[in-house]
J.: 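Have a look at this one before I ask anything.
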Amino acid sequence: MIQGSNDVFEKVMDLAKRRGFIWPTSECYGAVAGFIDYGPLGAMMKRRVEDIWRDFYVIQEGYYEIECPTIAQESVFIASGHVKGFSDKMCQCPHCKEFLRADHVAEAGGIKNPSIMKNEELAAAIATCTCAACEEVLGTVEVFNFNLMFQTTIGPGSQRVGYLRPETAQGMFVDFSRLLRFYRDKLPFGAVQIGKSYRNEISPRQGMIRLREFTQAEAEIFVHPNEKNHHPSFKRYADYTMPLLTYIQQEKCEDAVPMSMQEAVDKGVIANEYLAYYVALTHHLLVTIGIKPERLRFRQHLPDERAHYATDCWDAEIRSERFGWVETVGLADRTDYDLNAHAKESGTAMTVFIQYDEPKKVARRRIIPNMSVLGKQYRTKAKAIFEALAIATPTAEGADVEVDGEKFHIPANLFEVRDEIVDIRGEEVVPHVIEPSYGIDRMCYAVLEQAYDEDTADGEARTVMRFSPNVAPIQVAVFPLMTRDELDTIAHEIARSLQKAGILAEYDDSGAIGRRYRRQDEIGTPFAITVDYDTKDDRTVTIRDRDSMKQVRIAIDKVPGTISALIDGSLTFALL
RNA sequence: GCAUCGAUGGUCUAGUGGUAUGACUUAAGCCUUCCAAGCUUAUAGCCCGGGUUCAAUUCCCGGUCGAUGCACCA
């Protein structure tokens, strides 16, 4: 079992570096904090995690993947609120040179509502406050905005500002109208995106947990606001049970309690069926990539922790040896906030026309003014009066309207009042958005950390990455027992047949067989095929299980099919 | 970003004001009939920049990265 669990992080990262999972970026020039390279095995493993994610969201849920640029023009992030809201007001202590959050300094100094102050006001207000680091009175300081978005310009000599996206989500929102057409104007529908996002973190630490460039897998699911409690497949996860840590429990410092999704929705613990469905699906997905259920919990955001637009938000947290509970997936009900914001900023409607079952008969009163008279009489003000008249409540004598503070009486003979019954066939609805947002790098870290194990084999320590077979970078190794007597030729043929079946198989004939097994154990290859002298007689080989180190003989022509089944989980080694 | 500590082949390490020790790994060969065996050989290293010095991997200053603490983490 794991010994000295305090330094599992170091052991895992050491192994990851040595064996080609994770490398510091551009190491020959000195690495840069907050950026990492995935080596050959890491990139393969990450790809497998992403492909499992695709299976869940694209194939099973039917939400197609799109791909938007990682750079977007400023308007996108003005609308999303990132230009304004994604920055911190900061100042530098003139005594100890420490950078401080200006609003935190103000709050500590008893100044109220620092967040609504302008920078100059805030600077003046905190002049009498003390620095949290050196405890000197600050005095004259400058307050500046530090935006967490990387900024760039688009085109040569251009003033046109662009930003590297801080989340992939906005791409799905700005494509809303196209997506709606693609899905033939019907709710619900969803779009997903797996890609890089960028945040210029002030001080990234913790290896691959907090990165400046990271991979997100996000789904934006557009739902009718009245239908959030009716997920069509909710039954599938209704009895799915997992530990939920509500904000109430957090305030009382209680532990997470197991609860089924049905119960969570019925008791109002999770806001609606849609959110609960994706909470369960997320749990399912994380367990599928090899996260241990006992290391998983779902934590509800505290009311003051929630983004201002989200009505409910849950984080999937994975317990790490080094970092404690790490937020790995965020599940939010973003309501109609984003679509409204982009509709307003872009001037494009972002609504769905929902047809009623039966057209509604609605009595409507129209006021039709006699413009030929009104126009001559009121000249430049005529248009404004016309607009005011349309919503006025006329009496038998006429209508009183107010334009720019000036009152006008319009006699009844200058307009006609028409009462009509019209058919209303439906209405424009701004969909709500349910957003599961996955941090792929954090998932990869959790997979690495939880796979790491040390055990003893024949009295010798063995390091083994116990990856779930579906995320292991190399899926099977093929060894000839000896490099002679045609054993190597047969082994090469087997490796080739596996590769033709789409399986990543690695052939190895160097050194003693035991060394080769150990080498594959350390990179988490779940199975190994060995060609021995019996193979020449009966066309069978041994298949060895990484975790138990047990071996079973199977016929050569069954190798690709058996390995495939073992990898996709439809067969387990114990059943061989 | 501030403070403290650290950085020697891929990994772990010895050591030094005159270019560096050992082990493991890796590669080639021999040997070997299933879990890091053995033998031979080979490859490979003093984080970067500046200063002091005849000479710096070593001493000094600055930087980068990493660990820890503080601050930060929409």
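These values consider heavy atoms only, across backbone and side chains, with no hydrogens, waters or symmetry-generated copies. Order of the sequence lines sets the chain letters (A, B, ...), proteins ahead of strands, with each chain counted from 1.
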J.: Work out how far the C1' atom of B:rC46 is from that of B:rA37, and round it to whole angstrom.
T.: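 The same atom, C1', in both gives a distance of 34 Å.
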
J.: Who does B:rC39 pair with, Watson-Crick or G-U, both distances under 3.5 Å?
T.: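 Partner of B:rC39: B:rG29.
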
J.: Using atom C1' of each nucleotide, how far apart are B:rC61 and B:rU41 to the nearest Å?
T.: 45 Å

J.: Only pairs with both distances under 3.5 Å count, Watson-Crick or wobble alike; so what is the partner of B:rG18 in this structure?
T.: B:rC54

J.: In whole Å, I'd like the distance from the CG atom of A:N200 to the P atom of B:rG1.
T.: 11 Å

J.: Please give the distance between the C1' atoms of B:rC39 and B:rG17 as a whole number of Å.
T.: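 Pairwise C1' distance, B:rC39 against B:rG17, rounds to 41 Å.
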
J.: When the P atoms of B:rC47 and B:rG9 are considered, how many whole Å apart are they?
T.: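 Approximately 7 Å lies between the P atom of B:rC47 and that of B:rG9.
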
J.: Are A:T168 and A:E218 close enough that a side-chain donor and a side-chain acceptor fall under 3.5 Å?
T.: yes

J.: Does NZ or CZ of A:R544 fall inside the cone over A:Y517's six-membered ring, less than 6.0 Å from its centre and within 45° of the axis?
T.: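 That pair qualifies as a cation-pi contact.
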
J.: Any strand counts, and the cut-off is 3.5 Å on both contacts for Watson-Crick or G-U wobble. Which nucleotide pairs with B:rU64?
T.: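 When the pairing criteria are applied, B:rA7 turns out to be the nucleotide that pairs with B:rU64.
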
J.: Between A:M208 and A:I22, is a side-chain contact (heavy atoms from CB on, under 4.5 Å) present by the stated rule, with each step listed?
T.: CA-CA 9 Å; A:M208 53 192 296; A:I22 307 292; 3.9 Å; yes

J.: Give a yes-or-no answer on whether the side chains of A:D509 and A:T483 include a donor-acceptor pair shorter than 3.5 Å.
T.: no

J.: Need to verify one output field. Residue with the more 5' nearest nucleotide on RNA chain B, A:D14 or A:R442?
T.: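 Upstream on the strand: A:D14.
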
J.: Work out how far the P atom of B:rU21 is from that of B:rU16, and round it to whole angstrom.
T.: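 It works out to 14 Å between them.
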
J.: Scan nucleotides 34-41 of chain B nucleotide by nucleotide, 5' to 3', and note B when protein non-hydrogen atoms come under 4.0 Å of the base, S if they reach only the sugar-phosphate, - if neither.
T.: BBBS----

J.: For A:D485 and B:rU33, give me the distance from atom CG to atom P, rounded to whole Å.
T.: 10 Å

J.: Can you check the A:D509 CG to B:rC31 C1' distance for me, whole Å?
T.: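 So the CG-C1' distance, A:D509 to B:rC31, works out to 15 Å.
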
J.: Provide, to the nearest angstrom, the distance between the CZ atom belonging to A:R210 and the C1' atom belonging to B:rA71.
T.: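 One finds 11 Å between C1' of B:rA71 and CZ of A:R210, rounded.
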
J.: If you take the centroid of each ring, where Trp contributes its six-membered ring, are A:Y247 and A:H301 closer together than 6.0 Å?
T.: no

J.: Do A:Y163 and A:Y198 have ring centroids that are under 6.0 Å from one another?
T.: no

J.: Hey, which of A:R519, A:R516, A:R518 is the one that makes salt bridge (charged side-chain N to carboxylate O under 4.0 Å, His left out) with A:D508?
T.: A:R519

J.: Kindly give the heavy-atom pair with the smallest separation between A:E449 and A:R319, and that separation in Å.
T.: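 Taking every non-hydrogen atom into account, OE2-O, 4.2 Å.
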
J.: Once you round it to whole Å, what is the distance between P of B:rC72 and CD1 of A:I209?
T.: 20 Å

J.: Work out how far the P atom of B:rC48 is from that of B:rC24, and round it to whole angstrom.
T.: 28 Å

J.: Which pair of non-hydrogen atoms, one from A:V471 and one from A:M45, has the smallest distance, and what is that distance?
T.: O-CG, 3.3 Å

J.: Are there any protein N/O atoms within less than 3.5 Å of an N/O atom in nucleotides 66-68 of chain B, and if so, which ones and at what distance?
T.:
| unit_1 | atom_1 | unit_2 | atom_2 | d |
| --- | --- | --- | --- | --- |
| B:rU68 | OP1 | A:R322 | NH1 | 2.7 |
| B:rU68 | O4 | A:R205 | NH2 | 3.0 |

J.: Identify the nucleotide, in any strand shown, that forms a Watson-Crick or G-U wobble pair with B:rA44, with both distances under 3.5 Å; if there is none, say none.
T.: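 Check on B:rA44: unpaired, no WC or wobble geometry under 3.5 Å.
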
J.: In whole Å, what separates the P atom of B:rG50 from that of B:rG10?
T.: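 My reading of the P atoms in B:rG50 and B:rG10 gives 23 Å.
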
J.: Measure the distance from CG on A:D534 to C1' on B:rU33 and round it to the nearest whole Å.
T.: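 Going from CG in A:D534 over to C1' in B:rU33 covers 9 Å.
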
J.: Please report the distance separating the C1' of B:rG15 from the corresponding atom of B:rA67, rounded so that it comes out in whole Å.
T.: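 That atom pair is separated by 25 Å.
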
J.: How are the rings of A:F35 and A:F150 set to each other: parallel, tilted or perpendicular (split at 30° and 60°)?
T.: tilted

J.: Taking the six-membered ring of A:W325, is NZ or CZ of A:R297 closer than 6.0 Å to its centre and within 45° of its axis?
T.: yes

J.: Would you indicate whether the side-chain heavy atoms of A:I221 and A:V192 approach each other to under 4.5 Å?
T.: no

J.: Could you check if the base of B:rU16 is syn or anti? Syn means the glycosidic torsion is within 90 degrees of 0.
T.: anti

J.: Expected output is a numbered-order residue list: members of residues 211-218 of chain A with a heavy atom under 4.0 Å from any atom of RNA chain B. What is it?
T.: none

J.: May I ask you to check whether over 12 heavy atoms, not counting those of A:R553, lie within 6.0 Å of atom CZ?
T.: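 Yes - once you tally the heavy atoms of other residues, nucleotides and ligands closer than 6.0 Å, there are more than 12.
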
